[in-house]
Amino acid sequence: MIDLLKSRKSIRVYDTREVEQNKIDSILKAGMLAPSSRGLNPWEFIVIKDKKMLHKLSISKQSGSAFLANVPTAIVVIADTQLSDVWVEDCSIAAILMQLQAQKLGLGSCWVQARNRLKNESEWTEEYIKEQLKIPDKYGVCCILSFGYPNQDNQSHKDFNANAKKIHNEYF
Ligand SMILES: Cc1cc2nc3c(=O)[nH]c(=O)nc-3n(C[C@H](O)[C@H](O)[C@H](O)COP(=O)(O)O)c2cc1C
């Protein structure tokens, strides 16, 4: 597990190869195997390969989303906010499991933040994404995950000892 975690880096540049459907299915399966509060599984996933829609998503934020215009596949992680009051946590766990499964399959991935971000001075990223993807009102958008075969220098995390300043024993 540590080796997998060390090898995972956010990948924003991909080659043009499509991601095979069986790999997308396997990534979705990893998401749906995530633990969730009270086992409510509030998450749902929208798989996007259409270039026009990927371009629309690439302009969903003031920064940090432009690379989506050139990714082979994105999965938008959403949840029914009326089903669970901790849907953000549930979606985040599902998302990282999907990223790790992608890593295991030889793919790269990157998280693009949707909540609490602005498209421009007057429009929220989340509202824009919901409008583009026809997502019902009661849903929240956690993030957009990109997936594809990496086409960038992929340096692993360096080996390190656990940062002692971050670890507290018994009390803070
Ligand atoms: C909650 C969260 C939000 C993020 N938002 C973005 C984003 O909007 N755009 C982006 O390019 N990367 C985003 N990232 C990726 C981070 O920039 C990246 O994980 C961080 O710099 C560490 O690099 P690494 O993933 O290569 O280890 C996000 C990551 C997380 C966990």
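First listed ligand is number 1; within each ligand, the first listed atom is number 1.
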inquiry  = Less than 4.0 Å from atom 21 (O) of ligand 1, is there any heavy atom belonging to the protein?
reply    =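 Neighbour list for atom 21 (O) of ligand 1 is empty of protein heavy atoms (cut-off 4.0 Å).
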message = For atom 18 (C) of ligand 1, is there a protein heavy atom at a distance under 4.0 Å?
response =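 True for atom 18 (C) of ligand 1.
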Answer yes or no: is there a side-chain heavy-atom contact under 4.5 Å between [X] and [Y]?
X      : Y      : result
Ile135 : Ile46  : yes
Val47  : Ile24  : yes
Thr73  : Ser146 : no
Cys110 : Phe67  : yes

What atoms of ligand 1 come closer than 4.0 angstrom to any heavy atom of [X]?
X      : result
Cys110 : 10 (C), 11 (O), 12 (N)
His157 : 27 (O)
Lys9   : 26 (O), 27 (O)
Phe67  : 11 (O)
Gly64  : 7 (C), 8 (O), 9 (N), 10 (C), 11 (O)

For residues [X] and [Y], is any side-chain donor paired with an opposing acceptor at under 3.5 Å?
X      : Y      : answer
Gln99  : Lys104 : no
Asn120 : Ser122 : yes
Ser7   : Gln103 : yes
Glu44  : Tyr139 : yes
Glu89  : Trp87  : no

Closest protein heavy atom to [atom], given as residue, atom name and distance to 0.1 Å:
atom                    : value
atom 26 (O) of ligand 1 : Ser10 N, 2.7 Å
atom 31 (C) of ligand 1 : Trp111 CD2, 4.3 Å
atom 11 (O) of ligand 1 : Arg12 NE, 2.7 Å
atom 8 (O) of ligand 1  : Lys61 NZ, 2.5 Å

ask   = Do ligand 1 and Ser63 have nitrogen or oxygen atoms that lie under 3.5 Å from each other?
value =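 In fact, backbone or side chain, Ser63 has no N or O that close.
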query = Taking non-hydrogen atoms only, is Arg117 closer than 4.0 angstrom to ligand 1 via side chain, backbone, both or neither?
reply =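 Neither; nothing of Arg117 gets under 4.0 Å from ligand 1.
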task = Answer with side chain, backbone, both or neither: which part of Ser92 has a heavy atom less than 4.0 angstrom from an atom of ligand 1?
result =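 Ser92 to ligand 1: no contact under 4.0 Å from either part.
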